[in-house]
Amino acid sequence: MLVLVAPGQGAQTPGFLTPWLDLPGVEDRLREWSAAIDLDLVHYGTKADAEEIRDTAVAQPLLVASALISARQLFATGEDVSRQVGATAGHSVGELAAAALAGTLTDGAAMELVRRRGQAMADAAAVTETGMAALLGGDESVVLPHLEQLGLTAANVNGAGQIVAAGTAEQIAALAENKPEGTRRVVPLKVAGAFHTHHMSPAVSALEAAVAELSAADPHTAYVSNKDGQVVSSGQELVQRLVGQVANPVRWDRCMETFKELGVTAIIEAAPGGTLVGLAKRALPGVQTLALKTPEDLDAARTLIAEHASPAADLAAE
């Protein structure tokens, strides 16, 4: 059973979209989306420096565009993804790409929504200087109380020994000076705010307005939600979860538990891939993984699909 996943904010690097523009139709599609959302995705994906693409309002649309461009290359034009993919999920902003791949949103609607999401979260982040840091290693039963003592939120519980803390700049600095027992490293993330915490509450209201008249189809492929790792079958519920999730912790650990329950045998991570398959290698031993980094990875990914494809309809029948 194949799972297709999309990465979250922090996965972007300068110029990471450059090789994808060599593929037929990709630059045209990116320019079409750029005009629709008033953001030059081609520039930011090829020529912008690290600081420019760290901007939340830029990074989020850029990542969803990259995930959709790379994932769509895996399938023939017009091909029903549900005939190949057993489940889909995204980490944080990657959930919007996953929602499009699952058929709930059109690619265009996902791009328009992520533009609003990025702007709303950037506005919320500007209120107070906040940030996030990954804790590598350490036992969850020790790490979580330690974060609470420092006033931090476990914004991402990623499994495989990784928890991401979020809070004010002062709280993140205190964490770097006072790591939980057993934690090897505290790594600041390339994000501009304390996402998935109460600091993002203003963004929830903005997104509620943005989705008020949004058309959402029921997903044709099992969609695994960051909220609790559950499979969501209603398009309207899926969209409401996307809205609320900006101010609630990402439970990627539970998503991976659900992949296991569904019988996952292979995971492909859309571009810029690497982070999520790294977690899967540690949490899901025996599962084959592949990260799409450049178009050179496409042939290997198509081979993996051919070997592990399991239609959503078959899963529903089991």
Side-chain angles (χ1 to χ4, degrees), residues 4-13 16-17 20-21 26-46 48 52-75 81 85 88-122 190-193 195-196 200 203 206-207 210-211 214 216 219 221 223-226 235 238-239 241-243 245-246 250 252 255 268-276 291-293:
L4 183 58
V5 299
Q9 199 163 339
Q12 72 276 11
T13 55
F16 76 99
L17 269 182
W20 295 96
L21 267 65
V26 167
E27 184 169 352
D28 289 343
R29 178 57 56 87
L30 287 172
R31 292 198 182 283
E32 176 186 327
W33 290 340
S34 296
I37 67 174
D38 192 25
L39 184 73
D40 191 344
L41 296 166
V42 173
H43 166 75
Y44 285 112
T46 61
E52 287 180 280
I53 62 174
R54 182 175 178 267
D55 181 348
T56 301
V58 171
Q60 292 194 10
L62 198 58
L63 286 163
V64 171
S66 175
L68 291 175
I69 286 292
S70 58
R72 296 296 186 198
Q73 293 294 322
L74 296 173
F75 309 97
V81 175
V85 177
T88 186
H91 190 286
S92 187
V93 70
E95 284 206 292
L96 277 77
L101 294 169
T104 291
L105 302 177
T106 64
D107 289 1
M111 290 305 304
E112 291 179 9
L113 183 57
V114 74
R115 178 62 162 151
R116 296 288 296 276
R117 184 186 194 270
Q119 290 171 324
M121 293 178 73
K190 296 179 289 185
V191 297
F195 305 143
H196 303 291
M200 292 294 110
L207 286 178
V211 303
L214 185 66
T221 301
Y223 179 94
V224 183
S225 169
N226 280 184
L238 194 162
V239 168
R241 282 175 174 243
L242 291 177
V243 170
Q245 198 56 37
V246 299
V250 171
W252 192 253
C255 289
I268 294 175
E269 182 178 359
T275 302
L276 300 182
L292 290 176
K293 298 179 182 294

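On a predicted model such as this, the values are computed, not experimentally measured, just so you know.
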Check: Within the side chain of Gln12, is there an N or O that forms a donor-acceptor pair under 3.5 Å with the backbone of Leu62?
Finding: no

Margin query: With a 4.5 Å cut-off on side-chain heavy atoms, are Leu238 and Pro219 touching?
Written below: yes

Next item on the list: Keeping to residues at least two apart or across chains, list the ring pair (Phe, Tyr, Trp, His ring centres under 6.0 Å) pairs with something in residues 98-117.
Entry: none

Next item on the list: For residues Gln73 and Val26, determine if any side-chain heavy atom of one lies less than 4.5 Å from a side-chain heavy atom of the other.
Entry: yes

Checklist line | Closest non-hydrogen atom pair between Ala97 and Ala67, with its separation | finding: CB-CB, 3.7 Å

Note to self: Can a donor-acceptor pair be found, under 3.5 Å and without considering hydrogens, that links the side chain of Ser34 to the backbone of Leu41?
What the structure shows: yes

Notebook entry, point to check: Minimum heavy-atom separation for Ser70 to Ala270, with atom names?
Noted result: OG-CB, 3.6 Å

Checklist line | Euclidean distance, Gln60 CD relative to Leu39 CG, rounded to 0.5 Å | finding: 11.5 Å

Check: Sub-3.5 Å donor-acceptor pair from the side chain of Arg115 to the main-chain atoms of Asp38, do we have one?
Finding: yes

Notebook entry, point to check: So do Trp33 and Leu68 actually touch side chain to side chain, heavy atoms under 4.5 Å?
Noted result: yes

Notebook entry, point to check: How many angstroms lie between OG1 in Thr46 and CH2 in Trp20, if you round to the nearest 0.5 Å?
Noted result: 15.5 Å

Under 3.5 Å, which donor-acceptor pairs do the side chains of residues 102-114 form with other protein atoms, sequence neighbours left out?
residue : atom : partner : partner atom : Å
Thr104  : OG1  : Ala217  : O            : 3.0
Thr106  : OG1  : Ala109  : N            : 2.9
Asp107  : OD1  : Arg72   : NH2          : 2.7
Asp107  : OD2  : Arg72   : NE           : 3.2

Note to self: Once ring pair (Phe, Tyr, Trp, His ring centres under 6.0 Å) is applied, what residue pairs with a partner in residues 89-112 remain, sequence neighbours excluded?
What the structure shows: His91-Trp252

Check: Nearest heavy-atom pair of Asn226 and Gly90: which atoms, and what distance?
Finding: ND2-O, 2.8 Å

Note to self: Are Phe75 and Val85 packed together at the side-chain level, in the sense that at least one heavy-atom pair is separated by less than 4.5 angstrom?
What the structure shows: yes

Item checked: Spacing of Gln9 atom CD and Thr56 atom OG1 [to the nearest 0.5 Å] -> 4.5 Å

Checklist line | Atom pair CG (Leu4) and CD (Glu269), whose distance is rounded to the nearest 0.5 Å | finding: 9.5 Å

Note to self: Give me the atom names and distance for the closest heavy-atom approach of Tyr223 to Ala99.
What the structure shows: CE1-N, 3.6 Å

Next item on the list: Would you name the heavy atoms of Val93 and Pro7 that are closest together and state the gap between them?
Entry: CG1-O, 4.4 Å

Notebook entry, point to check: Going by heavy atoms in the side chains, are Leu292 and Leu74 under 4.5 Å from each other?
Noted result: yes

Item checked: Atom pair CD1 (Ile268) and CG (Leu276), whose distance is rounded to the nearest 0.5 Å -> 13.0 Å

Notebook entry, point to check: So how far is it from Leu17 CG to Leu30 CG, rounded to the nearest 0.5 Å?
Noted result: 6.0 Å

Note to self: So which atom in Ala120 and which in Ala206 form the shortest heavy-atom distance, rounded to 0.1 Å?
What the structure shows: CB-CB, 3.8 Å

Checklist line | Pairwise side-chain contact, His196 with Ser92, heavy-atom cut-off 4.5 Å (strictly under) | finding: yes

